[in-house]
S.K.: 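Take a look at the following structure, please.
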Amino acid sequence: MYKLIMCIVPHNSGELITNAAKEAGAGGGTIVMGRGTASNSVLQLLGLGDTSKDITMNVVAKEIADDVCAKIENVCSSKKAHFGVLFTLDVSSFMKAGGVQKSGNAAEKKSGDDNMENYEMINVIVNKGYAEDAMAAARKAGAGGGTIIGAKGTAKEGDSTFFGVDIVPEKEMLMILVPHDKKDAIVQAVSSLACFEKAGSGIIYCNNVDEFKMLGATSPKN
């Protein structure tokens, strides 16, 4: 079984996270640039202002996930309060050269942590320029903040769509971490926007989050 450990931290701090993960036994990681969208008064969830962010991703064996998370928390403990966030997601399969490793079944996943569904990740993919509108609607429905990643479709002109979305133009991906009980209202608010009226204008999908922690001086000690 595997876990995806994701952190969102200030720009140029991604290597601090991935280096800590490697020291705890993780393999290589990936750093993606994004930007936060929350106002300064919001001190929870993703993004703490319209600032550049590093988003780190490490896939690790479940057996070392706690050690990796603890190491990351430790290296961030001397940083300012609300330095960033850490959360984990289940990985159903993980491919490396030589084969595909499968994670455990759904029953095994649910038997471990009773809090695994306390938070959910809402992922919104829209045409470039509409992510801020989606975030504004989400915030009105109870979201704290989000992180926007610039993206682009990979198909050639004239190709068909992916999940009904035209994948040729530039896109923006908005990630919003929210308490489980707010998810439905936020998804409804975003999907009701005018930019979702046109077929193929965007998609929304959600993931259960296993664990959510604030990084920095206020992080809980293990």
Side-chain angles (χ1 to χ4, degrees), residues 3-26 29-58 60 64-89 113-124 131-132 134-136 138-150 173-183 186 206-222:
K3 294 285 186 181
L4 171 61
I5 300 174
M6 295 186 67
C7 297
I8 299 181
V9 293
H11 182 45
N12 292 327
S13 299
E15 288 191 4
L16 173 73
I17 303 300
T18 56
N19 287 341
K22 285 189 284 187
E23 289 179 12
T30 300
I31 302 173
V32 179
M33 284 191 61
R35 56 188 173 92
T37 63
S39 63
N40 289 333
S41 62
V42 179
L43 296 179
Q44 75 271 24
L45 308 182
L46 298 186
L48 303 177
D50 293 315
T51 56
S52 296
K53 301 289 183 181
D54 280 355
I55 303 156
T56 68
M57 295 174 279
N58 289 88
V60 304
I64 67 168
D66 288 344
D67 290 340
V68 174
C69 290
K71 185 68 174 181
I72 292 171
E73 288 186 86
N74 184 58
V75 299
C76 294
S77 62
S78 62
K79 301 296 182 180
K80 65 181 181 180
H82 305 289
F83 174 71
V85 296
L86 176 154
F87 55 95
T88 66
L89 301 170
D113 188 355
D114 293 335
N115 296 319
M116 68 176 292
E117 293 186 0
N118 282 352
Y119 285 88
E120 295 215 19
M121 173 71 79
I122 301 174
N123 304 275
V124 182
E132 293 286 357
M135 187 65 244
R139 187 177 288 115
K140 288 181 180 179
T147 298
I148 297 172
I149 303 173
M173 180 174 181
L174 170 64
M175 302 188 304
I176 313 170
L177 190 65
V178 301
H180 176 73
D181 59 0
K182 293 184 177 181
K183 183 201 73 174
I186 293 169
C206 304
N207 305 95
N208 288 330
V209 172
D210 296 338
E211 189 173 11
F212 169 65
K213 298 179 180 180
M214 296 294 298
L215 296 175
T218 59
S219 296
K221 304 297 183 182
N222 288 329

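As the structure is a computational prediction, the values presented were derived from the model and not from experiment.
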S.K.: Are Val209 and Leu89 close enough, and set up right, to give a side-chain contact (heavy atoms from CB on, under 4.5 Å), and what steps lead you there?
M.R.: CA-CA 5 Å; Val209 172; Leu89 301 170; 3.8 Å; yes
S.K.: Could you state the interatomic distance from CD1 (Ile122) to NZ (Lys182), rounded to the nearest 0.5 Å?
M.R.: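 One finds 11.0 Å between CD1 of Ile122 and NZ of Lys182.
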S.K.: At their closest point, which heavy atom of Val32 faces which heavy atom of Met57, and how far apart are they?
M.R.: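 Of all heavy-atom pairs spanning Val32 and Met57, the closest is CG2-CE, 3.3 Å.
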S.K.: Any idea which heavy atoms bring Phe212 and Phe87 closest together, and the distance?
M.R.: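 Closest heavy-atom pair between Phe212 and Phe87: CA-CB, 4.2 Å.
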S.K.: Looking only at heavy atoms, which two atoms of Val85 and Met214 are closest? And how far apart?
M.R.: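 Closest pair (atom of Val85, atom of Met214, distance): CG1-SD, 3.6 Å.
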S.K.: Any chance you could lay out the side-chain contact (heavy atoms from CB on, under 4.5 Å) test for Val68 and Asn58, step after step, and finish with the verdict?
M.R.: CA-CA 9 Å; Val68 174; Asn58 289 88; 5.6 Å; no
S.K.: Hey, could you give me the NZ/CG distance between Lys53 and Asn12, rounded to the nearest 0.5 Å?
M.R.: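 Reported to 0.5 Å precision, the distance equals 12.5 Å.
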S.K.: Going through the distances and angles, do Met175 and Ile55 end up as a side-chain contact (heavy atoms from CB on, under 4.5 Å)?
M.R.: CA-CA 11 Å; Met175 302 188 304; Ile55 303 156; 4.0 Å; yes
S.K.: Could you state the interatomic distance from CZ (Arg35) to CD1 (Ile149), rounded to the nearest 0.5 Å?
M.R.: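 Nearest 0.5 Å value for the CZ-CD1 distance: 11.0 Å.
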S.K.: Under the 3.5 angstrom rule, does the side chain of Asp54 hit a backbone N or O of Val9 as a donor-acceptor pair?
M.R.: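 Between the backbone of Val9 and the side chain of Asp54 there is no qualifying donor-acceptor contact (under 3.5 Å).
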S.K.: In Å and rounded to the nearest 0.5 Å, what is the CD to CG distance from Glu120 to Asn208?
M.R.: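 Reported value, rounded in 0.5 Å steps: 4.5 Å.
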S.K.: Between Met135, Lys183, Arg139, which is the residue that forms a side-chain contact (heavy atoms from CB on, under 4.5 Å) with Ile176?
M.R.: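 Result: among Met135, Lys183, Arg139, Met135 is the only option passing the side-chain contact (heavy atoms from CB on, under 4.5 Å) with Ile176.
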S.K.: Just to verify, which of Thr30, Leu86, Leu16, Thr18 counts as forming a side-chain contact (heavy atoms from CB on, under 4.5 Å) with Thr56?
M.R.: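 Testing Thr56 for a side-chain contact (heavy atoms from CB on, under 4.5 Å) against Thr30, Leu86, Leu16, Thr18 leaves exactly one candidate, Thr18.
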S.K.: Say you draw a straight line from CD1 of Ile64 to SG of Cys69; how long is it, rounded to the nearest 0.5 Å?
M.R.: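 Taking CD1 in Ile64 and SG in Cys69, the distance rounds to 10.0 Å.
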S.K.: If you compare all heavy atoms of Ala131 against all heavy atoms of Ile148, which two are closest, and at what distance to 0.1 Å?
M.R.: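 Smallest interatomic distance, heavy atoms only, reads CB-CD1, 3.7 Å.
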S.K.: If I take atom CG from residue Leu215 and atom NZ from residue Lys79, how far apart are they, to the nearest 0.5 angstrom?
M.R.: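 Atom-to-atom, Leu215:CG and Lys79:NZ are 11.5 Å apart.
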S.K.: Please find the pair of heavy atoms, one from Phe83 and one from Pro10, that lie closest to each other, and give the distance.
M.R.: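 For Phe83 versus Pro10, the nearest heavy atoms are O-CD, 3.1 Å.
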S.K.: Taking all atoms of both residues into account, what is the closest heavy-atom pair of Lys71 and Ala20, and its distance?
M.R.: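 In this case the closest contact between Lys71 and Ala20 is CG-O, 3.2 Å.
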